[in-house]
Amino acid sequence: MEDVRRVAAHEVDVCGEYLLNNAVVELSGGHVRNYYTFSLELPFTEWLGGTIKIIRDSDGGLIAYWKGKQIK
């Protein structure tokens, strides 16, 4: 099983369909595995701030971007 990286931001734009406020994105192998809102501080979570954009790649997987760069 690959390591999971957990990042958080003020907003997470999910494929341009909806916007989550104060949300976490979990990544593994450069792909989004999960995303959700939070109300309490989560351990082992890297705060990026701003907006994380999640898009669908050509294979149907989800990729996350922050400040124009892919989050891996």
Side-chain angles (χ1 to χ4, degrees):
M1 183 172 163
E2 292 187 48
D3 289 334
V4 173
R5 180 180 179 192
R6 190 183 307 158
V7 295
H10 294 100
E11 297 179 330
V12 174
D13 177 342
V14 182
C15 301
E17 297 174 11
Y18 53 93
L19 192 66
L20 301 175
N21 292 306
N22 293 327
V24 172
V25 177
E26 293 179 351
L27 302 125
S28 180
H31 288 86
V32 174
R33 298 296 179 219
N34 197 12
Y35 53 86
Y36 48 88
T37 60
F38 68 94
S39 57
L40 300 173
E41 188 173 328
L42 298 169
F44 308 106
T45 302
E46 181 182 352
W47 180 258
L48 298 179
T51 302
I52 294 172
K53 293 186 178 190
I54 296 176
I55 64 165
R56 219 168 272 289
D57 66 11
S58 59
D59 295 327
L62 298 175
I63 307 292
Y65 287 85
W66 181 66
K67 293 188 175 182
K69 294 186 179 181
Q70 184 180 351
I71 305 170
K72 295 185 180 187

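Since this is a predicted model, take the numbers as computed values, not measurements. Worth knowing before you read on, the calculation uses all heavy atoms, side chains too, and leaves out hydrogens, waters and symmetry mates.
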Student: Which pairs count as ring-ring contact (aromatic ring centres under 6.0 Å, His included) when at least one residue sits in residues 50-72, sequence neighbours excluded?
Tutor: none

Student: Identify whether Val7 and Leu20 are in the same connected component of the hydrophobic contact network (ILVMFWY, side-chain heavy atoms under 4.5 Å).
Tutor: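 They do share one cluster, since a chain of ILVMFWY contacts under 4.5 Å joins Val7 to Leu20.
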
Student: What's the verdict on side chain to side chain contact (heavy atoms under 4.5 Å, CB included) for Ile71 and Val25, showing C-alpha distance, side-chain angles and the deciding distance?
Tutor: CA-CA 10 Å; Ile71 305 170; Val25 177; over 6 Å; no

Student: Check whether Val12 and Val24 end up in the same hydrophobic cluster, where Ile, Leu, Val, Met, Phe, Trp and Tyr are linked by side-chain heavy atoms less than 4.5 Å apart.
Tutor: no

Student: Only counting residues at least two apart or in another chain, list the ones meeting ring pair (Phe, Tyr, Trp, His ring centres under 6.0 Å) with His10.
Tutor: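 Ring pair (Phe, Tyr, Trp, His ring centres under 6.0 Å) check on His10 returns Trp47.
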
Student: Could you pull out every donor-acceptor pair under 3.5 Å between side chains of residues 48-61 and any protein atom, sequence neighbours left out?
Tutor:
residue: Thr51; atom: OG1; partner: Glu11; partner atom: OE1; Å: 3.0
residue: Arg56; atom: NH1; partner: Gly60; partner atom: O; Å: 3.2
residue: Asp57; atom: OD1; partner: Asp59; partner atom: N; Å: 3.0
residue: Asp57; atom: OD1; partner: Gly60; partner atom: N; Å: 3.0
residue: Asp57; atom: OD1; partner: Gly61; partner atom: N; Å: 2.7

Student: Okay, side chain of Gln70, backbone of Ile63: is any donor-acceptor separation there less than 3.5 Å?
Tutor: no

Student: Sequence neighbours left out, cut at 3.5 Å: what donor-acceptor pairs do the side chains of residues 35-46 make with other protein atoms?
Tutor:
residue: Tyr35; atom: OH; partner: Tyr18; partner atom: OH; Å: 2.9
residue: Tyr36; atom: OH; partner: Glu26; partner atom: OE2; Å: 2.7
residue: Thr45; atom: OG1; partner: Arg6; partner atom: NH1; Å: 3.4
residue: Thr45; atom: OG1; partner: Leu42; partner atom: O; Å: 3.3
residue: Thr45; atom: OG1; partner: Pro43; partner atom: O; Å: 3.3
residue: Glu46; atom: OE1; partner: Arg5; partner atom: NE; Å: 3.1
residue: Glu46; atom: OE1; partner: Arg5; partner atom: NH2; Å: 2.7
residue: Glu46; atom: OE2; partner: Arg5; partner atom: NH2; Å: 3.2

Student: For residues 60-72, which residue pairs qualify under salt bridge (Lys or Arg N to Asp or Glu O under 4.0 Å), counting only residues two or more places apart or in two chains?
Tutor: none

